[in-house]
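The structure appears below as structure tokens.
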Protein chains: 2
Amino acid sequence: MAGDKGPRRAPQEAVRAVREDIIRGVFAPGARLTEDALAARYGVSRVPVREALRVLEAEGFVEAKPYVGVFVRELSEAEAEDLLELRSVIEPMCAARAARNRTPEQLGRLKELVNLGWDAVRDGRLEEVPRLNSRFHEVIAEASGSEVLGQLIRQLSQKIAWVYAVGLTLRAEDSWREHEEILAALAAGDADRASGLVGQHILRATTAYRRRVRDPIG
Amino acid sequence: MAGDKGPRRAPQEAVRAVREDIIRGVFAPGARLTEDALAARYGVSRVPVREALRVLEAEGFVEAKPYVGVFVRELSEAEAEDLLELRSVIEPMCAARAARNRTPEQLGRLKELVNLGWDAVRDGRLEEVPRLNSRFHEVIAEASGSEVLGQLIRQLSQKIAWVYAVGLTLRAEDSWREHEEILAALAAGDADRASGLVGQHILRATTAYRRRVRDPIG
DNA sequence: GGGCGAGGGAGTGTATACGAGAATGGTGGC
DNA sequence: GCCACCATTCTCGTATACACTCCCTCGCCC
């Protein structure tokens, strides 16, 4: 292979890498992921990549169509809401167990993450927030001591980080498109249309903002 | 390959088959699953089997140790309780959406499943109950209209069916072991030990029974 | 000119082959 | 007689190779 810095277990790392890229928006929703491209990107053969893609399919990040390919799933608003609601229900259950089983070391890590999260929000480094968010939930999952809950919370927090990230980038994309439309309406001298577009624009930004800040750290 | 009745997609079927065998207890908790054996069992190569095992690992049915093998996971009582509690929390959320989105056809399927479940319980065909249970929850998940909730509920119901099935078989196994110990205590004339063992035996049987009948259909 | 069918290219699905690591059994030493 | 060390073997991990399917394009016929 290329770099050959891979020590012993490639597919697990591939899962992590691809999932990270999906969450970070490198692979946009609806994008097609070819095995060859991923194999080349990570410097391994197609076999580990295939296994990684199967895992990501089971986790719900991608969708595979036989003999066609795998595509990054597109989350609807409703599903994003479901994920957030799911977390709001499961997190207390997990926290209850964590309260009984947590170690002082885990407690310290959580406190550190909270501080880092607040700092990131205060300093406007919003791109770091989703990752800190995930870390926070993963530590809680680890502290719960339940492997079942841990696995579920980990997947949930990762998907929610994805929702946040997609929301941010999609928001930015939509923002620019709306700006363009507003400019067009202004250029055309269409006051009513421009007014309506600006109203929608503000409403959408507010909605996105509320979703984003409702629970900025964890 | 052997039978070669496989139409087009092998690994997906392999996931289903292996998971079914795990749930049915063909592969007991802690058992080692070798890729070659599974490949031979299903008449395919190791590649689809590996992908299937990765999926099952992501779903939490098996645990893989690098260069050693995959083992069927052993669920503790606490984790079983967590699964049941998880379902009791998630199911209402899913049902709320299903109440809004269900089709009459789905409603009919649910009613039929309930009838089948009651019949099975009344007639003492308990081995059919877990499967009917899973089906019931899967239809609810389908009716919710949320892909995210659907996937989660499906995995949950399958794992709970596993818990029930394992509980039944393990219970039978433990029962026989306890019987043996009780017999040994009786043969040795150890009244206190025999009394204690019988007490534990009844207690365990009661607990298992309560877990089993608390929610026999859905 | 438009619709339809065949052919080529791209990419997935699967099998086979080979290398790496770990569990196991035998052997030698203490 | 027991323990440690080493070789064997079994299995996993990965790469390579080939077959099958889908899609797109080009050519033909209506």
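Bear in mind the structure is a predicted one, so any value in this text is a computation, not a measurement. Within every chain, numbering begins at 1; the chains are lettered A, B, ... in the order of the sequence lines, protein sequences first and strands thereafter.
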Length of the line joining [X]:[atom1] and [N]:[atom2], which is rounded to integer Å:
{"X": "F71(A)", "N": "dC23(D)", "atom1": "CZ", "atom2": "C1'", "result": "12 Å"}
{"X": "R46(B)", "N": "dT11(D)", "atom1": "CZ", "atom2": "P", "result": "10 Å"}
{"X": "L38(B)", "N": "dC12(D)", "atom1": "CG", "atom2": "P", "result": "9 Å"}
{"X": "Y67(B)", "N": "dT9(D)", "atom1": "OH", "atom2": "C1'", "result": "16 Å"}
{"X": "E13(B)", "N": "dT14(C)", "atom1": "CD", "atom2": "C1'", "result": "16 Å"}
{"X": "K65(B)", "N": "dA20(C)", "atom1": "NZ", "atom2": "P", "result": "24 Å"}
{"X": "L33(B)", "N": "dC10(D)", "atom1": "CG", "atom2": "P", "result": "19 Å"}
{"X": "Y42(B)", "N": "dG13(C)", "atom1": "OH", "atom2": "P", "result": "15 Å"}

**OP:** With DNA chain C as reference, determine whether R50(A) or P66(B) sits nearer its 5' end, using the nearest nucleotide of each.
**Re:** R50(A)
Original post:
Can we say E112(A) and R109(A) salt-bridge, meaning some charged N sits less than 4.0 Å from an Asp/Glu carboxylate O?
Top reply: no
**OP:** Would you mind checking if E147(B) and R73(A) are paired as a salt bridge, meaning a charged N to carboxylate O distance below 4.0 Å?
**Re:** no
Original post:
Is there a donor-acceptor contact under 3.5 Å from the side chain of E51(B) to the main chain of Q12(B)?
Top reply: no
Original post:
How would you label the contact of S45(A) with the nucleic acid (heavy atoms, under 4.0 Å): base, sugar-phosphate, or nothing?
Top reply: base
Original post:
Closest nucleotide of DNA chain D for V68(A) versus for D36(B): which of these residues is on the 5' side?
Top reply: D36(B)
Original post:
Is R16(B) atom CZ crowded by more than 12 heavy atoms from other residues, nucleotides or ligands, each under 6.0 Å away?
Top reply: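 No - once you tally the heavy atoms of other residues, nucleotides and ligands closer than 6.0 Å, there are 12 at most.
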